[in-house]
Amino acid sequence: MNEAEKLEIMRHSASHVMAEAILSMFPDAKFAIGPAIENGFYYDFELPRSLSPDDLPVIENKMSEIIKANLPFTRKELTKEEAKKLFANQPYKLELIEDIADEKVGIYQQGKFVDLCRGPHISSTGEIKAFKLMSIAGAYWRGDEHNAMLQRVYGIAFGSKQELDEYLTKIEEAKKRDHRKLGKDLDLFLIPEEIGGGLVIYTPKGGRIRTAVEDFWRKEHFANGYEILYTPHIGLSKLWETSGHLGFYKENMYSPITIDEQDYYLKPMNCPFHILAYKSRIRSYRELPLRWAELGTVYRYEMSGVLSGLMRVRGFTQDDAHIFCTPEQMNAEISEVLRFLLFMLDTFGFPKYKVYLSTRPKDAVGEQQKWEDAQNALRHVIDENKLEYHVDEGGGAFYGPKIDIKIEDALGREWQATTIQFDFNLPERFNMTYVGADGKEHQPYMIHRALLGSWERFFGLLIEHYAGAFPVWLSPVQVKIIPVSDRHNEHARKLEKEFKTQGIRVEVDDRSERMNQKIRQAQLEKIPYMVIIGDKEIAENTVSVRRRSGEQLPTQPLAAFIETVCKEIANKS
RNA sequence: GCCCACAUAGCUCAGUCGGUAGAGCGCAUUCUUGGUAAGAAUGAGGUCAUCGGUUCGAAUCCGAUUGUGGGCUCCA
C-alpha cells in the first residue's frame with residue numbers, strides 16, 4: 001500500500017470519527033455517506049438543527065477525545081437482513097443496503113459508532129495525526145435536487161500537523177491569486193450589483209488585456225483557415241423553435257422581448273445564426289470545410305447560487321466556431337482543432353489541464369454509426385497527441401459526443417474551458433445540405449468548438465494562472481515611466497510618445513511623489529518594466545530599467561530597450 | 001433554486017454590554033524635488049446593503065429582501 005492510499009484510508013476513518021462526534025451531540029442524527037476526498041473527507045447528516053460554524057470547534061474537540069482514546073476499528077459482516085435491523089432507524093443506510101448487490105454487507109465500529117462501510121479503515125482512531133474541520137455546506141441526498149438537503153461537514157486530514165499547516169498556508173497563498181481579489185486590486189473588471197448578477201464590465205486595464213487576447217485570437221484564426229462572423233444578440237422565437245432551444249434549453253434562456261407582436265429571444269448560443277449563414281445558398285462539397293468563428297456574446301440564465309466571479313456569469317463571450325464538413329473531412333478537421341487548441345493553451349502557458357471524452361447518452365439523436373465514427377475520431381486525436389484523458393460514459397450531449405478540457409483555478413477547482421462537440425441534431429433540424437461529387441444532396445457534419453471557452457472564464461483562469469503578473473504581451477501597462485522629480489516630467493512625456501508610436505502600452509507616473517513611492521506603486525500594479533528617468537538619463541539620452549522582479553538592467557539607449565520590449569511582445573513572453 | 005455564513009468610507013478592516021461611527025491605504029490641497037518597494041501636513045468622504053419590527057434609543061437584537069462567499073444541483 002502506498003502513502004496516498006494510506007492517507008485516503010485515514011481520511012475515510014476521520015469521517016467516521018466525525019460521525020461519532022456528531023452522534024454524541026445529536027443522538028437522533030441520521031447518517032448518509034462519509035467518504036474520503038482530496039485532502040480530507042466529509043460526512044452528510046440529517047440533524048435536528050442547523051449546524052453553525054461555532055459548532056465546528058465543539059465537534060473537533062469531541063473528535064480529538066475519540067482520537068486520544070485510540071479506539072479500535074472493528075469489522076463485521078452481516079447479512080442484509082441483520083444489517084437492516086441494525087440500521088432500522090437510519091433511513092439513508094437502509095436505502096444504501098437495498099442497493100448493495102451482495103448478500104453480505106460490511107460494518108465497521110469504533111467506540112459507540114457503527115457504520116455501514118466497505119472499508120478498509122485504520123486499525124484505531126489514534127492513527128489520525130492531524131485534522132481540521134473546514135466548512136458546513138448543504139448537499140442533496142445522492143446529489144439529486146429533488147431529495148432532502150442534508151448538512152455536510154468538510155474536513156481535512158494529513159499525516160502530520162506540519163503537512164496540515166502547510167496545506168492551510170497553501171490555501172492562504174492561493175486566495176491571494178483569486179481573480180476576484182486581483183481583479184479589484186489591479187482594476188481589471190467589475191461585476192456591479194446595479195446591473196445585475198453575473199454581468200461584467202471590463203475597465204480600461206481589463207479591456208487592454210482582452211484586446212490583446214482577441215487580436216491574437218483573430219490573427220490565428222485567419223491564419224488557420226477560419227473566417228469570422230458577426231451575428232445579432234437577439235433572434236425571433238421561430239428561429240429558436242427550429243433550433244430546438246425553446247424545447248430543450250428554455251430554462252436557461254431569458255424571457256422574450258416583444259416587438260411588433262413578435263417574440264425575440266436573447267441568444268444563449270451562436271449556432272443558429274451560423275447555420276443560417278450556411279443556408280444562405282446552396283453549398284457544394286468543393287467549398288467544405290467551412291470554419292466559421294465568432295466572438296459571440298451569449299446570455300444564459302444561471303441559478304443565482306452558482307454565479308462566481310468571472311468563472312460563472314450570465315452574459316459571456318464565447319470564442320465560438322462551427323465547422324461544417326464532409327464525413328471524409330471529419331477526422332482531419334478534429335485533428336486540426338485539437339492541434340490548434342494545444343497551440344493556444346501553450347501560448348498562454350497553461351501546463352495543466354484535464355481532458356474529458358463524453359460519449360453517447362441514453363436519449364440521443366443521430367444514427368448510431370455516426371456517433372461511433374465521431375467518438376472514434378475524438379478518441380483518435382487524443383491518442384495521437386498522447387494526452388491523458390477521462391471517459392465520461394454517456395456524458396455527451398444528446399446531440400453528439402464531445403471533448404471537454406477543464407483547467408483548475410487557484411483553489412484547485414476545475415472549470416470547463418474548451419469544448420469540441422459534434423452536433424447531429426442541428427443539421428437535421430435546419431435541413432442543412434451540400435451537393436456532393438455525385439450531384440446529390442448530403443448532410444454535412446457539424447462541429448461546435450470553443451477553444452478558450454468563454455472570454456470571461458478564461459480571463460479568470462488567466463489572472464489566477466499568472467497571479468496578476470501578466471507576461472509583457474498581455475500586460476495592460478507594459479512600461480511605467482518614472483521621472484525622478486517633477487523637472488523630468490517633460491522628458492518622460494517625450495519618451496511616452498516614443499513608446500506609444502512603437503505600439504507599447506505605457507504610462508507616466510508624474511505625481512509629485514518620491515521615486516521610491518512610484519516604484520512601489522508600479523510593483524504593486526505588477527507592471528513588467530519600470531523606466532526611471534533622471535538628470536543622468538536625460539543628459540545621456542538613455543533609460544534606466546527595472547524589471548518587476550526587482551532586477552536592474554544596465555543603463556541603455558532608449559532604442560535598445562524599445563527593441564527588447566517589442567521582441568518580447570512579438571514572442572509572447 | 002437549495003443549505004450555511006457574511007454585508008460598516010473608493011479599498012482593507014476596527015467598532016466591547018443597544019446610547020447616533022473610527023483607522024490605514026486611496027482621493028483633494030499645500031509643503032517637499034528625491035536615484036530603484038511607502039516624505040510630511042491639512043481636508044473631503046458614511047441613510048453602517050435595503051425594507052420592516054422590538055426598544056426611550058439599533059451599525060449592534062429579530063424578520064424579510066437584495067448581494068457576496070463556501071458547498072449541492074447545473075454548466076462555457
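In the text below, chain A, chain B and the rest are named by the order of the sequence lines, each starting its count at 1.
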Rounded to the nearest Å, what distance is computed from the [atom1] atom of residue [X] to the [atom2] atom of nucleotide [N]?
X	N	atom1	atom2	answer
A:D509	B:G35	CG	C1'	15 Å
A:R142	B:G71	CZ	P	24 Å
A:D187	B:C27	CG	P	13 Å
A:D178	B:G70	CG	P	7 Å

Answer with yes or no after comparing the ring centroid distance for A:Y140 and A:H146 against a 6.0 Å cut-off, counting only values under it. no
Ring centers of A:Y43, A:F45 separated by less than 6.0 Å: yes
Give [X] one of three labels, base, sugar-phosphate or nothing, depending on what nucleic acid heavy atoms sit under 4.0 Å from its own.
X	result
A:Q416	sugar-phosphate
A:V313	base
A:Y301	sugar-phosphate

Mind checking the [atom1] distance from [N] to [M]? Whole angstroms is fine.
N	M	atom1	value
B:A28	B:G70	C1'	40 Å
B:C48	B:C13	C1'	14 Å
B:G63	B:U55	C1'	16 Å
B:A38	B:U32	C1'	15 Å
B:A7	B:U16	P	12 Å
B:A21	B:G46	P	13 Å
B:G71	B:G15	P	27 Å
B:C61	B:G45	C1'	30 Å

Within the structure, does a side-chain N or O atom of [X] lie under 4.0 Å from either OP1 or OP2 of [N]?
X	N	result
A:Q517	B:G39	yes
A:S304	B:G1	yes
A:R413	B:G71	yes
A:R546	B:A37	yes
A:S50	B:C3	no
A:K184	B:U12	yes
A:R514	B:U33	no

If you check the [X] side chain, which of [options] turns out closest?
X	options	result
A:Y154	B:G71, B:C74, B:U73	B:G71
A:S512	B:C75, B:G34, B:G1	B:G34
A:R312	B:C75, B:G39, B:G1	B:C75
A:M149	B:G70, B:G71, B:A5	B:G71
A:S485	B:C2, B:G34, B:A37	B:G34

Any donor-acceptor pair, under 3.5 Å, between the side chain of [X] and the base of [N], if you only look at N and O atoms?
X	N	value
A:E537	B:G35	yes
A:N516	B:U36	no
A:R300	B:C74	no

Is it the case that atom CD in A:E490 sees more than 12 heavy atoms from other parts of the structure closer than 6.0 Å? no
Counting neighbours of CG on A:D144 that are heavy atoms of other residues, nucleotides or ligands and sit closer than 6.0 Å, is the number greater than 12? yes
A:F316 ring over B:A76 six-membered base ring, under 5.5 Å and 30°: yes
Which of parallel (below 30°), tilted (30 to 60°) and perpendicular (above 60°) describes A:H448 and A:H322? perpendicular
So which of A:K176, A:K181, A:R180 actually passes salt bridge (Lys or Arg N to Asp or Glu O under 4.0 Å) with A:D178? A:R180
Could you check whether any side-chain heavy atom of A:L495 comes within less than 4.5 Å of a side-chain heavy atom of A:H491, counting everything from C-beta outward? yes
